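For this chain, numbers begin at 1 and follow the sequence in order. It should be emphasised that the depicted structure is a prediction, and the values quoted were computed from it without experimental measurement. Both counts, for ligands and for their atoms, begin at 1 and track the order of listing.
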Amino acid sequence: MKLVFATNNAHKLEEVSAILGNSVELLSLKAIDCNDDIPETAETLEGNALMKARYIHERYHCDCFADDTGLEVEALNGAPGVYSARYAGVAHDSEANMQKLLKELEGKENRKARFRTVIALILDNKEYLFEGIVEGEIIKGKRGGSGFGYDPVFVPQGESATFAELGEEVKNRISHRARAVEKLNQFLNER
Ligand code: IMP
């Protein structure tokens, strides 16, 4: 089956494609000639994932899915959450985002956090949501050089290393995104 993944992030495509296997032909936005900057202005991860999937479905009339991820910190009432990419103001400035997060958590005992990924799938004109969560905590300073975003300050439960220290292979096995994609994969296989 053909499925459009509403992303142009080659890295994500590869990661998701490895989980979905050969039975799914994954197409990027570029592959369907979509160069639009798809709006993601909802106030929840679910809302954003659905907004992106619907945008593609309405215009290209194809089966498709989109994802959205956020870091939810318990002591900050779930922030930065849906605003994770632009927590410090400028989109995708990971260094500034991490510094802001560490500052907000200064003096706080509770460092519990989780990454949550939501995938919205539109298949045969029906909508489905899948969620992947990895629990963990925010440490007091950055550690490790791999990955992206908040990886250097996030230690997943059961590990002593940060995502950035664990490296991509380990991270991709246990990550929020992998868990959400596993659920999508299971759903597709059961159909
Ligand atoms: P997106 O929805 O995948 O674009 O993720 C939104 C933002 O969440 C990113 O810009 C990162 O700041 C953060 N983020 C998402 N996934 C990860 C991850 O696996 N590690 C660290 N940060 C992440």
Side-chain angles (χ1 to χ4, degrees), residues 5-19 26 28-29 36-53 55-56 64-73 76 78-105 111-121 129-139 141-157 159 161-182 184:
F5 182 12
T7 187
N8 272 326
N9 181 331
H11 205 78
K12 269 194 193 176
L13 271 170
E14 211 175 291
E15 188 185 330
V16 172
S17 171
I19 296 173
L26 214 52
S28 66
L29 290 175
D36 303 356
D37 198 4
I38 304 175
E40 26 185 330
T41 51
E43 285 175 11
T44 61
L45 298 175
E46 286 79 1
N48 269 346
L50 277 168
M51 189 180 274
K52 288 187 273 186
Y55 184 98
I56 296 303
C64 62
F65 67 94
D67 72 332
D68 203 34
T69 295
L71 174 69
E72 301 176 336
V73 180
L76 303 177
V82 72
Y83 306 109
S84 293
R86 56 201 139 106
Y87 189 38
V90 183
H92 303 293
D93 185 341
S94 296
E95 184 57 39
N97 288 340
M98 279 188 289
Q99 292 311 329
K100 174 162 182 187
L101 179 64
L102 294 176
K103 190 134 193 34
E104 296 286 335
L105 283 176
R111 319 268 312 180
K112 275 192 211 159
R114 63 183 198 173
F115 277 113
R116 192 163 74 90
T117 293
V118 173
I119 290 177
L121 167 74
L129 290 173
F130 305 91
E131 183 186 61
I133 289 175
V134 61
E135 303 280 353
E137 62 173 35
I138 304 299
I139 54 168
K142 296 188 298 168
R143 287 196 337 234
S146 81
F148 71 101
Y150 298 88
D151 281 349
V153 293
F154 182 83
V155 173
Q157 217 166 57
E159 304 282 346
T162 64
F163 261 167
E165 290 173 315
L166 286 170
E168 283 193 26
E169 206 189 306
V170 176
K171 182 188 161 190
N172 289 348
R173 252 188 288 127
I174 62 171
S175 81
H176 40 296
R177 212 168 355 265
R179 287 178 181 170
V181 179
E182 288 290 358
L184 167 67

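At a 4.0 Å cut-off, not a single heavy atom of Arg86 sits close enough to ligand 1 to count as contact. Contact between Lys12 and ligand 1 is present, with at least one heavy atom of the residue lying under 4.0 Å from the ligand. Residue Tyr150 places a heavy atom under 4.0 Å from ligand 1. Not a single heavy atom of Asn97 sits under 4.0 Å from any atom of ligand 1.
Listed by number with element, the atoms of ligand 1 under 4.0 angstrom from any heavy atom of His176 are 16 (N), 17 (C), 18 (C), 19 (O). Close approach to His92 involves these atoms of ligand 1, each under 4.0 Å from a residue heavy atom: 10 (O). Near Lys171, meaning under 4.0 Å from any of its heavy atoms, are these atoms of ligand 1: 18 (C), 19 (O), 20 (N). Set against the non-hydrogen atoms of Gly149, the atoms of ligand 1 under 4.0 Å away are 21 (C), 22 (N).
In this structure a side-chain-to-backbone donor-acceptor pair under 3.5 Å is missing from Asn8 to Ser28. Tyr150 contributes a side-chain N or O that, together with a main-chain N or O of Ser84, makes up a donor-acceptor pair within less than 3.5 Å. With Arg143 contributing its side chain and Glu165 its backbone, the two residues share no donor-acceptor pair below 3.5 Å. Asn48 places a side-chain N or O within 3.5 Å of a backbone atom of Thr41 that can act as its donor or acceptor partner.
Scanning both residues, Leu13 and Leu26, for their nearest heavy atoms gives O-CD2, 3.8 Å.
Residues Leu45 and Glu72 are in side-chain contact: their nearest non-hydrogen atoms beyond the backbone lie under 4.5 Å apart. Looking at heavy atoms from C-beta onward, Ile138 lies in side-chain contact with Leu71 at the 4.5 angstrom threshold. The shortest side-chain heavy-atom distance between Pro80 and Lys100 does not fall under the 4.5 Å cut-off.
Classified by interplanar angle (parallel below 30°, tilted 30° to 60°, perpendicular above 60°), the ring pair Phe154/Phe163 is tilted.
In terms of polar-atom proximity, defined here as any N/O pair under 3.5 Å, Arg177 does make such a contact with ligand 1.
In Phe148, the parts holding a heavy atom less than 4.0 Å from any atom of ligand 1 are both the side chain and the backbone.
Remark: among candidates Phe115, Tyr87, Tyr83, the nearest residue to atom 23 (C) of ligand 1 is Phe115, based on non-hydrogen atoms. In this comparison of Asp151, Val82, Thr69, the heavy atom closest to atom 5 (O) of ligand 1 sits on Thr69.
Of all protein heavy atoms, the one closest to atom 8 (O) of ligand 1 is Ser84 CB, 3.5 Å.
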